[in-house]
Amino acid sequence: MFRVLVSDPISRDGLEPLLEAENIEIVQKNVAEEENLAQYDALFVRSATKVTEQLMNQMPNLKIIARAGVGVDNIDVDQATRKGIIVINAPDGNTISTAEHTFAMIASLVRHIPQANMSVKNREWKRSSFVGSELHGKMLGIVGLGRIGTELARRAKAFGMRVAVFDPFLTKERSEKIGVEKHDFEELLNQADIITVHTPLTKETKGLLNKETIGKTKKGVYLVNCARGGIIDEDALCTYLENGHVRGVALDVFEVEPPEHTRLLEFEQVIATPHLGASTKEAQLNVAYQVSKEVLLFIQGKQVTTSINLPAMSDEAYKKVAPYDTLAQKIGSFLSQYMNQPVQSITIEYEGTAAEIETAYVTKSMIASFLKQRMDININTVNAGVLARERGIQFIEKVSDQNSGYSNSMKVTIHGEQTTSEIKGTSIPHFGERIVSVNGFSIDFHPSGHLLYIQHTDVPGVIGNVGRILGNHSVNIATMQVGRKEKGGEAIMMLSFDRPLDQPILSALTELDEIVFVKAIEL
Ligand SMILES: NC(=O)C1=CN([C@@H]2O[C@H](COP(=O)(O)OP(=O)(O)OC[C@H]3O[C@@H](n4cnc5c(N)ncnc54)[C@H](O)[C@@H]3O)[C@@H](O)[C@H]2O)C=CC1
Ligand SMILES: O=C(O)C(=O)COP(=O)(O)O
């Protein structure tokens with residue numbers, strides 16, 4: 001049974017993909033009211049539930065956190081990543097709703113609609129108190145031209161506004177295509193009549209509009225925040241509302257929600273909504289449906305496509321990656337068992353068609369498989385990179401355009417404290433993975449099952465002696481390959497069996513004079 005806890009109000013209809021599937025139990029209850037958090041495999045949230053490290057510690061079975069919306073600033077993504085928990089969101093399900101809400105806020109702000117509405121309801125008729133401004137011909141400054149910013153720009157242009165944009169990741173081509181003016185931040189501050197922010201809340205964007213930067217705006221500017229509380233500093237806003245530099249402010253989001261203690265709500269020129277950007281039937285259905293489908297993919301063992309902490313990959317893309325993923329896991333596990341020593345760095349080199357796939361995913365998969373042999377915690381592609389770095393293991397990925405004779409290959413080199421080891425493998429369509437070289441010895445074997453690696457001197461009789469000892473212990477050899485670099489030098493043997501070998505057999509083999517090293521490997 002896969003158990004899902006839905007902590008915030010999420011559209012029940014949108015949960016349909018999960019409700020229709022078998023062996024999934026869905027409980028709709030706030031985390032604060034649930035006593036047995038440990039039983040859940042998935043957690044669904046919107047912006048209200050704070051997914052802290054402490055909460056995750058109470059949920060040791062948690063595998064996936066689904067944010068039915070865009071912003072993940074209420075989730076400690078770094079901790080989730082460390083714990084190997086996938087975090088997904090619904091990136092575009094609420095774009096239109098939020099853009100429409102922002103536009104409604106802008107129109108309300110310049111025409112004083114909320115204030116006029118209150119006044120009329122108080123049986124007043126003060127037409128001269130609510131004289132507004134036209135949007136036509138004004139300059140709207142958009143900070144952050146992502147999904148929402150772009151939709152907002154389209155709406156502003158339809159109202160005859162000039163649209164100026166600051167977004168450090170915006171290309172000239174894209175701004176021309178959308179028909180907006182690309183500016184640097186200072187220019188936008190100096191020129192815009194209305195400034196609206198549409199970035200995520202990050203270390204860089206926290207307080208982006210602050211005492212200093214708001215001071216550079218035009219006198220009489222309107223400011224709008226329908227993205228995240230904190231992108232516009234609330235204390236600075238109060239200062240500039242008080243001295244009249246800022247004419248009006250529209251806020252859908254606050255530094256603390258609900259905003260019980262902020263002075264901002266005392267200003268007549270401030271209009272506010274309670275984080276309603278995404279609160280439409282359509283957006284809620286979209287986001288719940290999007291994340292439910294993703295979680296179902298996860299349950300079915302398929303690739304999720306909207307993960308915040310995994311390389312994004314479609315099912316189609318994963319089909320191409322899958323054979324190399326298997327090969328990488330086999331090599332990672334083999335090397336970890338073979339090299340029983342602390343490791344300093346891991347280098348993985350891709351060649352041929354292996355170099356054309358999503359290599360970042362495969363590299364993480366290999367590292368996860370390597371670390372799994374050494375650590376007794378949940379390790380997967382989500383946390384492999386972080387855990388390796390925390391343990392001082394450097395990992396390097398190289399993509400080569402050389403051709404060493406294989407249509408594809410993957411070479412993993414591990415620098416340990418005492419020695420360096422290296423394995424090269426290839427994936428042959430319809431035939432599977434093959435290891436073609438171990439520490440420079442050419443060989444050819446299928447990396448699977450109960451294996452025995454033997455390093456020995458290349459003298460007559462070794463194979464016979466090994467066979468005799470195994471025979472004496474009633475061990476049947478399933479496959480056997482040998483490889484050497486030169487006649488009479490060092491050589492290796494790779495054997496596979498139907499059952500694991502026990503220690504007395506390994507000791508007996510090690511006692512043979514011509515044998516240098518013996519290692520049983522389970523793949
Ligand atoms: N009020 C509400 O209910 C909702 C609020 N949001 C908020 O809106 C934000 C934006 O959403 P989307 O447009 O879907 O995200 P997006 O990821 O499509 O766009 C964000 C844009 O911000 C830009 N950006 C990042 N750092 C920047 C910086 N320092 N200066 C200027 N631009 C920067 C990025 O390049 C990107 O183009 C979300 O992160 C979320 O916090 C989203 C949905 C609903
Ligand atoms: O999607 C977002 O980032 C939002 O801010 C929407 O928040 P909500 O899901 O309405 O609590």
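Both ligands and their constituent atoms are indexed starting at 1 by order of listing.
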The protein heavy atom nearest to atom 38 (C) of ligand 1 is V70 CG1, 3.8 Å
Is any N or O atom of E204, backbone or side chain, closer than 3.5 Å to an N or O atom of ligand 1?
-> no
Can you find a heavy atom in the side chain of V249 that is under 4.5 Å from one in the side chain of V224?
-> no
Got the closest protein heavy atom to atom 7 (C) of ligand 1, with its distance?
-> A227 O, 3.5 Å
Closest non-hydrogen protein atom to atom 9 (C) of ligand 1, residue and atom name please, with distance?
-> T199 O, 3.6 Å
Nearest protein heavy atom with distance in Å, relative to atom 40 (C) of ligand 1 = R228 NH1, 3.8 Å
A48 N/O under 3.5 Å from ligand 2 N/O | no
Taking both backbone and side-chain atoms of S279, is any N or O found less than 3.5 Å from an N or O belonging to ligand 2?
-> no
Side-chain heavy-atom pair L201, K206 within 4.5 angstrom cut-off | yes
When distances are taken from atom 1 (O) of ligand 2, the protein heavy atom at minimum range is V70 N, 2.6 Å
Distance-only side-chain donor-acceptor flag, Y361 / Q303, under 3.5 Å | yes
Have a look at T98, T205, I142 and point out the one with the heavy atom closest to atom 44 (C) of ligand 1.
-> T98
Contact region, N94 to ligand 2, non-hydrogen atoms below 4.0 Å, reads side chain
Parallel, tilted or perpendicular, as decided by the 30° and 60° cut-offs, for the rings of F130 and H112 = tilted
Atom 19 (O) of ligand 1 [closest protein heavy-atom partner, distance rounded to 0.1 Å] | G146 CA, 3.2 Å
If you round to the nearest 0.5 Å, how far is CD1 of I367 from CD1 of I393?
-> 8.5 Å
Return the option from Q284, R228, R67 holding the heavy atom at the smallest distance from atom 6 (C) of ligand 2.
-> R67
Can you list the steps and then say if R67 with R46 is a side-chain contact (heavy atoms from CB on, under 4.5 Å)?
-> CA-CA 6 Å; R67 163 49 164 134; R46 284 176 60 189; 3.7 Å; yes
Can you tell me the protein heavy atom closest to atom 18 (O) of ligand 1 and the distance?
-> R147 N, 2.9 Å
Going by the order shown, which atoms of ligand 1 are within less than 4.0 Å of some heavy atom of H275?
-> 1 (N), 2 (C), 3 (O)
Tell me which one of G277, P200, C226, A278 gets a heavy atom nearest to atom 39 (O) of ligand 1.
-> P200
Answer yes or no: is there a side-chain heavy-atom contact under 4.5 Å between L62 and L43?
-> yes
Quick one: are the ring centres of F103 and F159 less than 6.0 Å apart?
-> yes
Which distance, rounded to the nearest 0.5 Å, do you find between the CG of N57 and the NZ of K83?
-> 4.0 Å
Candidate with minimal heavy-atom separation from atom 23 (C) of ligand 1, of D167, T95, T150 = D167
How far is atom 10 (C) of ligand 1 from its nearest protein heavy atom, and which residue and atom is that?
-> H198 O, 3.5 Å
So between P168, S97, G69, whose heavy atom ends up nearest atom 31 (C) of ligand 1?
-> P168
Just going by heavy-atom distances, which of F169, F185, F166 is nearest to atom 30 (N) of ligand 1?
-> F166
Polar atom proximity, L276 to ligand 1 (N or O, under 3.5 Å) = no
Closest non-hydrogen protein atom to atom 13 (O) of ligand 1, residue and atom name please, with distance?
-> I148 N, 2.9 Å
